[in-house]
Amino acid sequence: MGKASKDKRDIYYRKAKEEGWRARSAFKLLQIDEEFNIFEGVKRVVDLCAAPGSWSQVLSRRLYLPAKSSPDCRDSLPLIVAIDLQPMAPIDGVIQVQGDITNARTAEVVIRHFDGCKADLVVCDGAPDVTGLHDMDEFVQSQLILAALTIVTHVLRVGGKFIAKIFRGKDTSLLYCQLKLFFSHVTFAKPKSSRNSSIEAFAVCENYSPPEGFSEKDLYHLLEKIGSPSGVEDLDCRSGWLEGPNKVYIPFLACGDLNGYDSDRSYPLPNSSEGGCYKSLDPVQPPIAPAYKTALELKKAANHGILEIDKLSLNSDE
């Protein structure tokens with residue numbers, strides 16, 4: 001599929017390039033903010049699994065750049081820390097930390113950047129490479145969220161907010177109950193820019209309030225208790241018992257302009273102002289070190305080897 005074909009099929013992909021976003025996922029965070037006003041009063045933010053950086057761009061444009069241009073806020077600019085195992089191109093006002101979100105030492109680095117203070121908001125748009133097996137993808141994604149929760153318990157202040165991508169499935173109730181243990185308000189939201197055909201949604205967790213006497217080292221012990229009917233000994237960590245009389249009803253909300261662009265619809269390409277054909281734009285920022293880089297190099301080398309063999313065959317025929 002060519003770039004123009006993808007622009008016609010995916011309106012948010014096209015709009016992201018036109019507005020200078022690194023990925024279409026920027027619109028998801030913007031639409032979540034429209035509904036939940038998550039940026040209000042935020043001065044310190046952590047972006048987990050940040051690469052290629054579209055959510056960090058949103059944070060920069062909505063928090064850092066307005067404060068930088070305001071003469072009243074120059075002495076107290078918002079601090080944004082982006083964490084990922086992969087490097088990404090610089091973003092104005094964003095401090096990059098190349099590290100593992102499951103490592104407590106990464107949390108220490110973040111707090112040092114905040115001068116000993118804690119974050120007002122933590123966001124995470126990370127996801128594993130999907131397999132197409134929904135149960136497997138949902139399980140792996142839930143484990144990624146719980147890994148993110150590990151660092152959240154270290155860096156998020158009481159009363160703070162946490163936004164994370166989820167995959168909806170049969171164990172969604174369990175994940176909801178686990179998050180409710182730490183946040184008084186948890187809503188699962190589906191932005192308009194997220195395709196209806198996708199099982200993704202976003203957990204919007206507000207008012208961080210861990211259990212009394214909570215210690216970060218006890219996190220997984222508490223999470224296991226949520227999966228058990230007794231809450232004490234039968235630690236099977238499954239959500240089957242959360243059905244029937246124990247049914248858990250999860251608040252689910254569509255956000256974004258419901259009359260806006262449909263992410264599953266194809267739109268005609270606009271004509272240029274000169275009346276010529278539409279020209280597709282290149283991506284705003286290609287990946288610096290994509291995971292597929294080695295595979296492409298090996299494929300290129302293999303193709304080069306085949307061409308050399310063909311040349312030798314032609315020369316031998318002469």
Quick check: does any side chain N or O of [X] sit under 3.5 Å from a backbone N or O of [Y], one acting as donor and the other as acceptor?
X	Y	answer
Gln141	Gly126	yes
Thr172	Arg168	no
Arg22	Ala16	no
Gln57	Ala26	no
Arg157	Lys118	no
Lys161	Tyr208	no

Could you tell me whether [X] and [Y] make a salt bridge, using a distance below 4.0 angstrom between a side-chain N and a carboxylate O?
X	Y	result
Arg105	Glu108	no
Asp92	Lys68	yes
Asp257	Lys192	no
Asp10	Arg24	yes
Lys28	Asp125	no

Verify whether the ring centers belonging to [X] and [Y] lie closer than 6.0 Å.
X	Y	value
Phe182	Phe162	no
Phe27	Tyr12	yes
Tyr261	Tyr267	yes

Worksheet item: Under 6.0 Å from the CD atom of Glu40, do we count more than 12 heavy atoms belonging to anything else shown?
Response: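 Counting other residues, nucleotides and ligands, CD of Glu40 stays at 12 neighbours or fewer.
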Worksheet entry | Over 12 non-hydrogen atoms of neighbours within 6.0 angstrom of NZ in Lys8 | no
Grouping I, L, V, M, F, W and Y whenever their side-chain heavy atoms are under 4.5 Å apart, do [X] and [Y] come out in a common cluster?
X	Y	value
Tyr64	Leu30	yes
Ile111	Leu219	yes
Ile145	Val140	no
Val155	Phe214	yes
Val109	Val152	yes

Item to complete: Apply the side chain to side chain contact (heavy atoms under 4.5 Å, CB included) test between Ile101 and each candidate in Leu48, Val46, Thr150; give the one that qualifies.
Response: Leu48
I'd like to check [X] versus [Y] (side-chain heavy atoms, cut-off strictly below 4.5 Å). Are they in contact?
X	Y	value
Gln86	Ile288	no
Arg195	Ser263	yes
Pro52	Gln285	no
His113	Val97	yes
Leu59	Val94	no
Phe39	Leu121	yes
Lys17	Asp7	yes
Phe188	Val204	no

Looking only at heavy atoms, what is the nearest atom pair of [X] and [Y], with distance?
X	Y	value
Ala50	Ser56	CB-OG, 3.9 Å
Thr187	Leu253	CG2-CB, 4.1 Å
Val186	Lys180	CG2-CD, 3.8 Å
Gly159	Asn207	CA-OD1, 3.5 Å
Leu144	Cys49	CD1-SG, 4.4 Å
Pro211	Leu222	CG-CD1, 4.4 Å

Practice prompt. Assess whether side-chain contact (heavy atoms from CB on, under 4.5 Å) is satisfied between Ile163 and Val122, documenting all intermediate values.
Written response: CA-CA 6 Å; Ile163 315 297; Val122 177; over 6 Å; no
With rounding to the nearest 0.5 Å, note down the distance linking [atom1] in [X] to [atom2] in [Y].
X	Y	atom1	atom2	result
Asp47	Ile95	CG	CD1	12.5 Å
Glu216	Ile151	CD	CD1	11.5 Å
Leu149	Cys205	CG	SG	8.0 Å
Phe183	Glu206	CZ	CD	10.0 Å
Leu85	Gln98	CG	CD	7.5 Å
His185	Leu179	NE2	CG	14.5 Å

[X] side chain to [Y] side chain, donor-acceptor N/O pair below 3.5 angstrom:
X	Y	answer
Ser54	Ser25	yes
Asp100	Thr106	no
Ser193	Lys15	no

Discussion item. Quick one, Lys43 with Leu79, criterion side-chain contact (heavy atoms from CB on, under 4.5 Å). Give me CA distance, side-chain angles, the key distance, then yes/no.
Written reply: CA-CA 6 Å; Lys43 289 293 184 181; Leu79 294 171; over 6 Å; no
Worksheet item: Among all residues two or more places apart in sequence or in another chain, which pass the salt bridge (charged side-chain N to carboxylate O under 4.0 Å, His left out) test with Asp129?
Response: none
Worksheet item: How far apart are the C-alpha atoms of Thr131 and Asp137, what are their side-chain angles, what is the distance that settles it, and do they pass the side-chain hydrogen bond (donor to acceptor under 3.5 Å, both in side chains) test?
Response: CA-CA 7 Å; Thr131 65; Asp137 293 336; 2.9 Å; yes
Discussion item. Taking the cut-offs as 6.0 angstrom to the six-membered ring centre and 45 degrees off its axis, would you call Lys6 and Tyr13 a cation-pi pair?
Written reply: yes
Discussion item. Does the Lys NZ or Arg CZ of Arg61 fall within the cation-pi geometry relative to Trp21 - under 6.0 Å from the ring centre and within 45° of the axis?
Written reply: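 So Arg61 does make the cation-pi contact.
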Worksheet item: Are Gln31 and Phe36 close enough, and set up right, to give a side-chain contact (heavy atoms from CB on, under 4.5 Å), and what steps lead you there?
Response: CA-CA 9 Å; Gln31 290 169 353; Phe36 295 94; over 6 Å; no
Fill in: Worked verdict on Trp55 versus Phe202 for ring pair (Phe, Tyr, Trp, His ring centres under 6.0 Å)
CA-CA 14 Å; Trp55 277 26; Phe202 293 85; 5.7 Å; yes
Discussion item. Evaluate Ser194 against Glu200 for side-chain hydrogen bond (donor to acceptor under 3.5 Å, both in side chains), listing each step before the verdict.
Written reply: CA-CA 7 Å; Ser194 177; Glu200 79 168 4; 2.7 Å; yes
Item to complete: Go through the steps to decide whether Leu29 and Ile38 satisfy the test side-chain contact (heavy atoms from CB on, under 4.5 Å), and finish with yes or no.
Response: CA-CA 9 Å; Leu29 186 59; Ile38 60 173; 3.8 Å; yes
